[in-house]
Amino acid sequence: MRSYSAITNNLRGRFEQALTDEIRALPMHAKLKEAMLYAVAGGGKRLRPILLLESFGLFSDAVQEAMPYAVALEMIHNYSLVHDDLPAMDDDDFRRERPSVHRAFDEGLAILAGDALLSGAFEIALAAAGENPRAIRAVAALASAAGTDGMLSGQVMDLYDTVNDIDHLLQLYDKKTGRLILAACEAGGIAGGAGPDDLAHLKAYAFHLGAAFQIQDDLLDEQQDQSSGNMSILRFIPVQEARENMRMHTEKALENLAKIAGADTAGLTEITRSLVDRKV
Ligand code: GRG
């Protein structure tokens, strides 16, 4: 069996290089580029791009071909964080233990850097996709997860809904956080050439992984006394039940992953287990 940390470290190093190379290569005003590069730096876990690359790697050896889609996805994720930190939204002065983009620069540039990360993501992904139908389907999956009925509706639910039951909260989590995690695996699988059955297993894996990720986020917030108040599963169930819920989703994720026959799922298995143990 391959060594996960070696594969992941290798992928991560190549990904970091590709991320800065792709942004640097986009022609734009120097100030905008500086803010974009600041926004994507700072030690993010890179969960979504690594999921995309690992999912692609289940079906194809040419992982470098998936790099522009992984870069695009991380840019979309970082745009959402930059905008979420703005005073009009979550009003956070810090992100990844550094000043958030509107603090390091100013609000106007933070809004524009977020916009540039989102539109730049699709410039990069579509330039790589060309006329390849699989790649175009993969980019469409990213667009719909980030878009109107995906992360954006999730964020609107977060800002405007009165959430009085756990099902409503889980729907909000699914749109706001889950859809982008699901799109990571879906886009990677589609671009890599997964057949319909394997793609369904991969999407079921990612759905449960996203649910486990969000519950773990609430548990970590609680432990670090940063509870986001109303928007926490701990408002509806006690800590022990939330932990069991997270483990149930982790096991279901792994069960679905195991249904993908003939693929080397060691990397995704390791990522799944490490998410349960994560401390940030
Ligand atoms: C502004 C359109 C728009 C959307 C914002 C994702 C999001 C929607 C807001 C972030 C709020 C938040 C803290 C959600 C909890 C889960 C989450 C997405 C955490 C951040 O993702 P990580 O842990 O971050 O992958 P890193 O820094 O590792 O990339």
Side-chain angles (χ1 to χ4, degrees), residues 8 12 15-16 19 38-52 70-102 107 110-119 121 142-161 163 169-185 206 209-222 224 226-234 242 246 249 271-272 274-280:
T8 293
R12 200 178 291 276
F15 171 75
E16 294 294 338
L19 179 63
Y38 180 89
V40 300
K45 290 184 289 299
R46 311 307 194 199
L47 169 67
R48 296 155 192 79
I50 297 290
L51 283 174
L52 190 152
V71 166
L73 176 54
E74 184 66 12
M75 288 170 70
I76 295 167
H77 167 59
N78 282 268
Y79 125 75
S80 81
L81 299 180
V82 173
H83 280 191
D84 189 60
D85 289 340
L86 287 167
M89 298 220 189
D90 217 31
D91 196 8
D92 272 316
D93 287 347
F94 290 92
R95 163 77 50 194
R96 298 174 179 153
E97 299 178 345
R98 308 177 307 160
S100 41
V101 178
H102 66 277
E107 272 183 53
I111 292 169
L112 293 167
D115 292 342
L117 284 165
L118 179 61
S119 51
L142 299 183
S144 106
T148 44
D149 197 35
M151 184 169 64
L152 284 168
S153 280
Q155 182 73 350
V156 173
M157 288 168 85
D158 196 341
L159 287 175
Y160 298 104
D161 282 10
V163 175
L169 182 74
L170 294 178
Q171 264 179 38
L172 184 162
Y173 280 177
D174 180 47
K175 286 189 191 285
K176 185 177 149 175
T177 314
R179 287 288 308 279
L180 218 53
I181 290 178
L182 197 144
C185 295
L209 182 77
F213 176 83
Q214 183 65 62
I215 299 172
Q216 176 68 331
D217 207 63
D218 286 349
L219 286 165
L220 287 171
D221 278 352
E222 177 79 5
Q224 291 153 10
Q226 293 175 344
S227 177
S228 37
N230 280 346
M231 293 306 175
S232 169
I233 200 165
L234 298 175
M246 181 189 63
H249 280 295
I271 291 169
T272 310
S274 70
L275 272 191
V276 183
D277 298 328
R278 81 194 160 100
K279 300 285 180 272
V280 287

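Counting convention: from 1, in listed order, for ligands and their atoms alike. Numbering of residues begins at 1 and proceeds along the displayed sequence. For the numbers below, each heavy atom of this structure counts, side chains included, while hydrogens, waters and symmetry mates do not.
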Legend entry - Mode of Lys45 contact toward ligand 1 - side chain, backbone, both, neither (heavy atoms, under 4.0 Å): both
Inset, instruction - Using a strict cut-off of 4.0 Å, indicate which atoms of ligand 1 neighbour a heavy atom of Leu152. - result: 2 (C)
Inset, instruction - Specify the protein heavy atom at minimum distance from atom 10 (C) of ligand 1: its residue, its atom name, and the distance to 0.1 Å. - result: Asp84 OD2, 3.5 Å
Legend entry - Sub-4.5 Å side-chain heavy-atom contact between Ile111 and Asp115: yes
Legend entry - Distance flag for atom 13 (C) of ligand 1, protein heavy atom under 4.0 Å: no
Legend entry - Identified side-chain contact (heavy atoms from CB on, under 4.5 Å) partner of Leu172 from the options Met231, Gln214, Gln155: Met231
Legend entry - Contact summary for Val276 and Met246, nearest pair of heavy atoms: CG1-CE, 3.6 Å
Inset, instruction - Would you check if Ile181 and Arg48 make a side-chain contact, meaning some heavy-atom pair closer than 4.5 Å? - result: yes
Legend entry - Side chain proximity check, Glu74 to Val40, heavy atoms < 4.5 angstrom: no
Inset, instruction - Please report the closest heavy-atom contact between Ala39 and Val82, naming both atoms and the distance. - result: CB-CG2, 3.7 Å
Inset, instruction - Just need the protein heavy atom nearest to atom 8 (C) of ligand 1, so name the residue and atom and give the distance. - result: Gln155 OE1, 3.5 Å
Legend entry - For atom 26 (P) of ligand 1, the option (of Arg96, Arg95, Lys176) bearing the nearest heavy atom: Arg96
Legend entry - For the student: nearest non-hydrogen atoms of Met151 and Lys176, plus distance: CG-O, 3.5 Å
Inset, instruction - Select the closest option to atom 18 (C) of ligand 1 among Arg48, Met151, Gln214, Glu97, judged by heavy-atom distance. - result: Arg48
Legend entry - Over all atoms of both residues, closest heavy-atom pair of Ile76 and Ala146: CG2-CB, 3.7 Å
Legend entry - Tyr79 neighbourhood, listing ligand 1 atoms whose heavy-atom distance to it stays under 4.0 Å: 2 (C)
Inset, instruction - Return yes when Leu47 approaches ligand 1 closer than 4.0 angstrom through a heavy atom, no otherwise. - result: no
Legend entry - Nearest-neighbour protein heavy atom for atom 17 (C) of ligand 1, which is reported as residue plus atom name and distance: Phe213 CE2, 4.1 Å
Inset, instruction - Among all protein heavy atoms, pick the one closest to atom 15 (C) of ligand 1 and tell me residue, atom and distance. - result: Asp217 OD2, 3.3 Å
Inset, instruction - Please report the shortest heavy-atom distance between Arg98 and Ala41, naming the atom on each side. - result: NH2-O, 3.4 Å
Inset, instruction - Among all protein heavy atoms, pick the one closest to atom 1 (C) of ligand 1 and tell me residue, atom and distance. - result: Ser80 O, 3.5 Å
Legend entry - Which of the ligand 1 atoms, numbered from 1, are nearer than 4.0 Å to a heavy atom of His83: 1 (C)
